[in-house]
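Chain letters run A, B, ... following the sequence lines, proteins first, then strands; residues in each count from 1. Remember, it's a predicted structure, so these values are computed and weren't measured experimentally. Computed over heavy atoms, backbone and side chain alike; hydrogens, waters and symmetry mates excluded.
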Amino acid sequence: MEIPKTYDPASSEDRWYQYWLENRFFKSTPDNREPYTIVIPPPNVTGVLHMGHMLNNTIQDVLIRRARMMGKNACWVPGTDHASIATEAKVVAMLKEKGIEKKDLSREDFLKHAWEWKEKYGGIILEQLKKLGASCDWDRTRFTMEDDLSEAVIDVFIDLFRKGQIYRGTRMVNWDPVGLTAVSDEEVIYKEVDSTLYHVRYQVEGSDEWITIATTRPETILGDTAVCVHPSDGRYTHLHGRRIIVPIANRSIPLITDEYVAMDFGTGALKVTPAHDLNDYQLGLKHKLPSIDTLTPDGKLSDAAGHYIGEDRFVVRKKIVKDLDAKGHLVKSEPYKSNVGFSERTNAVIEPRLSMQWFLKMDTISKPALENVMNDNIRLVPDKFKNTYRHWMENVHDWCISRQLWWGQRIPAWYDQHGDYVVAKTEQEARTLFASRNKDFTTDTIIHQDEDVLDTWFSSWLWPISVFDGFKSPGNADIKYYYPTNDLVTAPEILFFWVARMIIAGYEYMGEKPFTNVYLTGIVRDKLGRKMSKSLGNSPDPLDLIAKYGADGVRTGMLFSSPAGNDLPFDESLCEQGRNFANKIWNAFRLINNWQQHATTNPIATERNKESVTWLKQHIANETANINDLFSKYRLSEALMAVYRLVWDDFCSWYLELIKPDMGGTLDDVTCRETVQCFEALLKLLHPFMPFITEEIWHHLAQRNQKESIMVSSWPQEGVIDPKTQQAFNAMQQLVSQVRNIRKSSNIPNKEPLRMLHLWGTEYSIQPYSEAISKLCNISSIEETSDKQSHMVPILAGSGEYFLDIKEQINTEEEIAKLTKEIEYVQGFLASVDRKLQNERFMTGAKPEVIALEQKKKSDAEEKIQVLREQIAGLGGNNR
RNA sequence: GGGAUGUUAGCUCAGUUGGUUCAGAGCACUGCCUCGACAAGGCAGGGGUCACUGGUUCGAGCCCAGUACGUCCCACCA
């Protein structure tokens, strides 16, 4: 059978993924092995795969596949998030295209459309993850809005309410007067716009005095309930305790003092409009000021404004300026740049607006979450995020958990017509509660459920518990076995939104952390450093990339340059590098496969093959230890790079070339088998990163039955390398490189054989490789000599001295210059060592082993200089 | 504005407790090479005053202070 010269991922990937699924290798059920668990950060159910998901899920798959090979019971739980804001926005947009407005639909009808949408598009992203090779236990797929999970959310809400942790209160929300809905902070886009700062003077009650304030929003004057100055502002001290008349409205309001006011801004006097500005609202709370809401939901002036009723706020702004001017209140107006929030959806100017919301108290419930991260009970990787985390957790404010949406878990609060409310799971329970509280309450009394739903994070914070049915059936086999999970892989931007809250829920409901390690990935950026996003259109389609470079190529491409916590400046050439690597592995396989076909005639291993095999086996074991160490530190990029070099440089470039038989020859049986075994070990180390190609080659190398997948094979054993083996190998490498170098610089073609001598009495650890060296550098023979060969080119490799018989052909001057440069460097080095050794304070201060090391350096350097001088002399140079 | 964090080859990053065998890796770059696995390749090279300025020390990429620039999070000043 002819094996193609290049690896073709397309013909292999789907086949192997199918094979894994059919043999249920991703499946996990509790048993007596040690569990290793990851819960996926559930992607938006209607989302499509983007580069951030690719990075995130590649990392999870690498971790889970390695754990599985290490004999753990690996369980990766997949699922999706109902993402109320994003999904509802998409459904609203879809309906709009069909000419349907959300406000014309009943709640039930809207939700019907939403569920249809979810059924149609939900889970596409999970199918896409399969292309990437994700080894999730698909039987465990969950959805944050499925019945069981929703019930858990409602139960938790009720429980926290009963514990007194949830309360109802007013809050400033971002109101979209066009969309007629509150929008989240994330959906507000701040833009700098040119506006005007108006200086308006208010009369002090009962006097001829005036006080001038500055505002960009004069139309809100009608809602003013105080004027505020800094308590130590000398300009206004005499007015403390006086009252002020609001222009146009002619209302009397107090002058208050607060240190919040910046004396150097504007006039140092601030008009306070609690209903229409967040800071003013807080001032209002502090000073117990009334709020006058002068706007209607659609941004027109309300009855409460008393003037300009029913007119748009921007029209009123112009009118009121004119009127203020006419009445002599406008002192001056100056151009001013201010930050104005716009709705991402409707582009309308956002109005801060007061509304009733539900809150979760965070002060006590968040304590264990801070503590257990600070004491490393839960580890953040990289740990620099601990500071950020602490800062946030120490300044945590109550969590607003209600959202003015329909898609999500509806708040289980019920209101009667007086606005009194109870929290209950069903209407029936609510009625019972009302009745027990109020004698007049009858079965005929109308009550209605809260229209709002809960913040999506209020369901996803339960994810590590709810996916194992920890709420539905506490103490069940799954939750006992898999919880706490091991690693969580997610983006730092949701460290607070999600990670911190999962930790809080974990301690509150399980009395235990939800996971041990949190691996924080970076953001995938384009070449210009911009975040890759759909709206910018700067993100490649992940599936196109997979089609072009193969899933293995893309996976490795993403991991080549993304240490934990660092952004990934994505470049397609990284995937190309990954693809090239796959191809390199493929061709190593082709070579070995060829040997396998013909390796029967020559059963005796040569010394060079024996030594090479010994070195390779030890080296792989040694590197496995190194790779394990990198994994334990979550240095995935470095672990990949270590495997990359081990395979490409050590295995392909050195080992395979060493044992490669002469043209027309065959490889001995023993070496062939050992080589296959080593190659299999390398494939195992590669497997977490490149699952597809490793499985493909794994099955080509040997007859294996259905159950013998590489993904359930065992991770290679660690070991140490014998220093002598290492030393011999390194000396051989040095010698070969130097001979090649001399050939290059002297223009001696490889075809021309050269004679080499080894100086008797110096290190000859390369002996087992002498035959290999002859082949790699075309040396006709290596003879021993007892004398320095002054007429030949000297080489130092390890501490062995060699002579290459080519003096006539080389550029002696160049060689001497090279050696001289080398001497200069070593002399410089020696000088610095000497300085240290002659320094009394060093000799008395430094540790004995440091001094011993320096003395060793000194003698080594001196010896080396001696040898180099002899070499220069041998070449006829000046032996200085 | 508050907090965090970073600045090491053209690019992306390593550099553990300060000790010139630590200035390193991969990619990119340069030169040579179709040699029976692989040109998606082989071999050999070039390349950095470790942001800047001071300080501590016998000795600083590593410790301290300041400066410059960058990134992230939070709050966004009427």
* Give one of base, sugar-phosphate or nothing for A:E657, where a contact means two heavy atoms less than 4.0 Å apart. => base
* Structure fact -> Which of B:rA37, B:rC76, B:rC27 is nearest the side chain of A:Y644? It is B:rC27
* To do: Fit a plane to each ring of A:F581 and A:W648, take the angle between them on a 0 to 90° scale, and name the class: parallel (under 30°), tilted (30 to 60°) or perpendicular (over 60°).
  => parallel
* When all nucleic acid strands are considered with a 4.0 Å heavy-atom cut-off, which category describes A:R579: base, sugar-phosphate, or nothing? -> base
* Candidate nucleotides B:rA4, B:rA39, B:rA37, ranked by approach to the side chain of A:K5 - the nearest -> B:rA39
* Asked: Hey, can you pull the residues of residues 634-642 of chain A with a non-hydrogen atom under 4.0 angstrom from RNA chain B?
  -> A:R635, A:E638, A:M641
* Structure fact -> Residues A:Y236 and A:T212: closest non-hydrogen pair is OH-O, 4.3 Å
* A:K633 NZ to A:E638 CD distance, which is reported to the nearest 0.5 Å -> 9.0 Å
* Report which part of the nucleic acid A:N566 touches: base, sugar-phosphate, or nothing (heavy-atom distance under 4.0 Å, all strands). => sugar-phosphate
* Considering residues at least two apart in sequence or located in another chain, which fulfil the side-chain hydrogen bond (donor to acceptor under 3.5 Å, both in side chains) criterion with A:R201? -> none
* To do: Check every strand shown and say whether A:R390 touches a base, only sugar-phosphate, or nothing at a heavy-atom separation below 4.0 Å.
  => nothing
* To do: Salt-bridge test for A:D258 and A:K286: reply yes if a basic N is under 4.0 Å from a carboxylate O, no otherwise.
  => yes
* Checking all strands, does A:Y549 fall into the base, sugar-phosphate, or nothing category for heavy-atom contacts under 4.0 angstrom? -> nothing
* Asked: Taking the six-membered ring where the residue is Trp, are the ring centres of A:Y655 and A:F651 under 6.0 Å apart?
  -> yes
* Can you tell which of B:rU12, B:rA37, B:rG26 lies closest to the side chain of A:S561? -> B:rU12
* Asked: Can you give the dot-bracket line for RNA chain B, where a pair is Watson-Crick or G-U wobble with both atom distances under 3.5 Å, crossing pairs use [ ], and | marks a partner on another strand?
  -> (((((((..((((..........)))).(((((.......))))).....(((((.......))))))))))))....
* Asked: How would you label the contact of A:N750 with the nucleic acid (heavy atoms, under 4.0 Å): base, sugar-phosphate, or nothing?
  -> nothing
* What nucleotide among B:rC74, B:rC76, B:rA44 has an atom nearest to a side-chain atom of A:L278? -> B:rC76
* Over 60° means perpendicular and under 30° means parallel, so classify the ring planes of A:F560 and A:Y644, tilted if in between. => perpendicular
* Nearest to the side chain of A:T215 - B:rU12, B:rA44, B:rA78? -> B:rA78
* Asked: Heavy atoms, side chains only, cut-off 4.5 Å: are A:H700 and A:F589 in contact?
  -> yes
* Any side-chain donor paired with an acceptor under 3.5 Å for A:D224 and A:T273? -> yes
